[in-house]
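Taking it in order: structure first as C-alpha cells, then the write-up.
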Amino acid sequence: MSERFRVAVVGGGTGGLCLAQALHQAGVEVAVYERSRVRTERLQGYRVHINPHGSRALHECLPAELWRAFVATCGTSGGTFGFLTDQLDELLLVEDELTSGKDRDPSRAHHSVSRITLHQVLSAGLDGLLYHGKEFQRYERAPDGTVTLHFADATTATADVLVAADGANSRVCRQYLPNTTRVDTGIRAIAGKYPLTEETKRLLPARLHDGPNSVIPPSACGMFVAPHEMDDNQTSTVSGIGGNDQTLAQDAVLFDNTNSYVMWAYAANRSRYPRDDADLSDMDGERLRDVVGELIADWHPSLRRLVADSPARTVSMLPIRTSVAVEPWETTNITLLGDAIHSMTPFRGIGANTALRDAQLLARNLTAAARGEIDLVAGIHDYETKMIDYGFTAVRQSLRTAEQTISTNRVGRSMFKAALRVFSVIPPLKRKVFSDFGSS
Ligand SMILES: Cc1cc2nc3c(=O)[nH]c(=O)nc-3n(C[C@H](O)[C@H](O)[C@H](O)COP(=O)(O)OP(=O)(O)OC[C@H]3O[C@@H](n4cnc5c(N)ncnc54)[C@H](O)[C@@H]3O)c2cc1C
C-alpha cells in the first residue's frame with residue numbers, strides 16, 4: 001500500500017459488511033461500527049433473492065472460502081417464475097433458461113439465501129474489525145479532513161474516510177446530505193411464512209412451491225409468493241454458516257435458518273385495508289393474518305390456505321417507503337452506500353443487490369487509491385457518479401413495480417394480463433421481453 005488511510009464504515013448490514021470484507025482482503029485498514037449489541041439482534045429469517053449483480057459482487061468481495069460457504073448454504077427458489085391470477089390460472093411462466101439463471105456459474109447466477117445466513121457469511125472473519133453496540137450519533141470533521149465519529153455510548157473513533165452504510169434511516173446521510181428525503185408510498189405490505197414439509201407441500205398446488213410467483217388479481221393489490229427450499233445437503237452447515245444461531249433458538253419459527261418455507265407478501269394501498277393505518281401498525285401477527293384473510297376471501301382456496309396456515313409469529317406489516325432522487329453533490333472523504341442513499345421499495349427484490357454492487361465498486365476504487373493508482377477523492381467521485389446513476393434507476397424501477405402492483409386501473413391490468421398470455425404462446429416474443437428478467 002502506498003497511501004495509508006483508515007476507512008470507518010457505519011452500519012454492519014449487507015452493504016457495509018461486504019465492503020469491509022473486500023477492503024480487509026485487499027489490506028486496506030477498515031473498521032465497522034454497528035448499532036446492534038449482538039450480531040443477531042434485528043435479523044429475521046426471510047429469504048433474500050441474490051441476482052447476478054449481487055452474486056458477482058459477493059464473489060469478488062468475499063474470500064474464496066466464504067464465497068464457497070455462501071453457495072453451499074443457499075436454498076433454492078425453483079427456477080420458473082409464474083404470473084398467476086388470484087384463481088391460480090397461469091398467465092405466463094418464465095423459465096429459468098430464459099433469465100440469467102441459465103448461467104450455471106454460481107458467480108453469475110441467481111440465489112435464494114436466508115437473511116441470517118447471508119449475515120453469517122458477511123460477518124465471518126471480521127473479528128477485531130466489527131464493533132457491536134456502536135450506535136452512531138454524529139461526526140465532526142477536523143481541518144486536516146479526518147473525521148471523528150461519536151457514538152451513543154460516549155466513545156469516539158477517528159478515520160480518514162467515512163462510509164455511511166447505516167440503512168434507510170441513515171443518520172450519517174441526515175448530517176451529510178440534509179436535503180435528501182424518503183417518502184411514504186402509501187403502500188402497506190403484510191408478509192408471512194408458510195412452513196414447507198412433505199406434508200404441508202401436498203396441501204398446496206405444485207406451482208406455489210415450484211418457483212416464485214406474482215399473483216395478479218383484477219385490481220388494486222397483489223401478492224408475491226416465493227419458496228425457499230433447503231435440501232438435505234444444503235442444511236449441513238459450513239464452518240458454522242447456515243445453522244441456527246444459538247441466541248435465536250428460542251424463537252424457532254421466526255428465526256429458523258434451516259427449514260424450508262414459502263414466503264408470501266400481500267400489498268395494497270393503506271386505504272384498501274379495513275382498519276386505519278395506526279390500527280394496522282399496532283396489530284399483532286394473528287390480527288394481520290386475519291386482515292389478509294378477509295381481503296383475499298374470494299381468492300383461490302390454496303392461496304387462502306397459504307396465509308391461514310402461516311404461523312402468526314411469522315406475519316408482519318411493512319410500510320413501503322422510497323428515496324427521492326438526489327442531485328450529485330461535491331465529493332469529499334465521506335460517502336454513502338446501499339439504503340443509506342438509495343432506499344427502494346422491495347417490489348423488485350434489488351435493494352440488497354444494489355448495496356452489494358455499491359460495496360464492490362467502492363472497494364475497487366478505495367483499493368486502487370490505497371495502491372496509489374488513483375487519487376482518493378477522484379476514486380470516490382467515480383464511485384458516486386456511477387452509483388447515483390444505477391442506484392436511482394433501481395429506485396425508479398422498484399417504485400414503478402410497486403405502483404403497478406396496487407394499480408386500480410382495471411382496464412390496464414386486463415391488458416397486461418392479455419399481453420402475458422400472448423407472450424406465453426409466442427416463445428420468441430417471450431424470450432425477447434424476458435431475457436433480462438430478474439437481473440436488474
Ligand atoms: C421484506 C423485504 C424483502 C426484501 N427482499 C430483498 C431481496 O429479495 N433482494 C434484495 O436485493 N433486496 C431485498 N430487500 C432490500 C434489502 O433488505 C435492503 O435493500 C438491504 O438490506 C440494504 O442493505 P444496507 O447494507 O444498505 O442496509 P441494511 O442491511 O439495512 O444495514 C444497515 C445497518 O446499519 C445499522 N445501523 C442503523 N443505524 C445505525 C446507527 N445509527 N449506528 C450504527 N449502525 C446503524 C443497522 O443496524 C444495520 O445493521 C428486501 C427488503 C425488505 C424490507
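Worth saying up front: this structure is predicted, and the values here are computed from it rather than measured. Just so you know, ligand 1 is whichever comes first in the structure, and atom 1 is the first atom listed for that ligand. The chain is numbered in sequence order, starting from 1.
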Residues forming a side chain to side chain contact (heavy atoms under 4.5 Å, CB included) with Cys61, sequence neighbours excluded: Cys18, Ala22, Gln360

Need the ligand 1 atom indices (1-based, order shown) with element for anything under 4.0 Å from a heavy-atom of [X].
| X | value |
| --- | --- |
| Thr14 | 21 (O), 23 (O), 25 (O), 29 (O) |
| Gly167 | 27 (O), 32 (C) |
| Ala165 | 32 (C), 33 (C), 34 (O) |
| Lys134 | 42 (N), 43 (C) |
| Gly338 | 26 (O) |

message: Are Val28 and Phe5 packed together at the side-chain level, in the sense that at least one heavy-atom pair is separated by less than 4.5 angstrom?
response: yes

Does an N or O anywhere in [X] fall below 3.5 Å from an N or O of ligand 1?
| X | value |
| --- | --- |
| Leu337 | no |
| Glu135 | no |
| Gly349 | yes |
| Ala355 | no |
| Arg47 | no |

task: Look at the aromatic rings of Phe83 and Phe434 and report parallel, tilted or perpendicular, splitting at 30° and 60°.
output: tilted

field: Check against side chain to side chain contact (heavy atoms under 4.5 Å, CB included), Leu129 and Val32
entry: CA-CA 6 Å; Leu129 313 178; Val32 182; 5.6 Å; no

Just let me know how [X] lines up against ligand 1, side chain, backbone, both or neither, with a heavy-atom cut-off below 4.0 Å.
| X | value |
| --- | --- |
| Tyr33 | backbone |
| Ile350 | backbone |
| Leu318 | side chain |

- request: Scan residues 8-37 for pairs that pass ring-ring contact (aromatic ring centres under 6.0 Å, His included), counting only residues two or more places apart or in two chains.
  value: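 Residue pairs passing ring-ring contact (aromatic ring centres under 6.0 Å, His included), neighbours aside: Tyr33-Tyr131, Tyr33-Phe151.
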
Heavy atom to [atom], shortest distance: which of [options] holds it?
| atom | options | answer |
| --- | --- | --- |
| atom 24 (P) of ligand 1 | Ala226, Gly133, Gly15, Ala152 | Gly15 |
| atom 14 (N) of ligand 1 | His49, Met344, Arg115 | Arg115 |
| atom 11 (O) of ligand 1 | Ala352, Ala359, Pro346 | Ala352 |
| atom 22 (C) of ligand 1 | Ile50, Val9, Asp339 | Asp339 |

- request: Determine, using heavy atoms of Ala191 and all atoms of ligand 1, whether some pair is separated by less than 4.0 Å.
  value: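 Ala191: no contact with ligand 1 (<4.0 Å).
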
In terms of side-chain heavy atoms, does [X] have a donor or acceptor partner in [Y] at a distance below 3.5 Å?
| X | Y | result |
| --- | --- | --- |
| Glu140 | His150 | yes |
| Arg182 | Asn169 | yes |
| Ser302 | Arg207 | no |

- prompt: Under 6.0 Å between ring centres, would you say that holds for Tyr390 and His53?
  reply: no

- request: Please assess Trp264 against Leu303 for the test side chain to side chain contact (heavy atoms under 4.5 Å, CB included), listing each intermediate value before the final yes or no.
  value: CA-CA 9 Å; Trp264 53 267; Leu303 288 167; over 6 Å; no

- request: Step by step, work out the side-chain hydrogen bond (donor to acceptor under 3.5 Å, both in side chains) result for Thr401 and Ser398.
  value: CA-CA 5 Å; Thr401 305; Ser398 300; over 6 Å; no

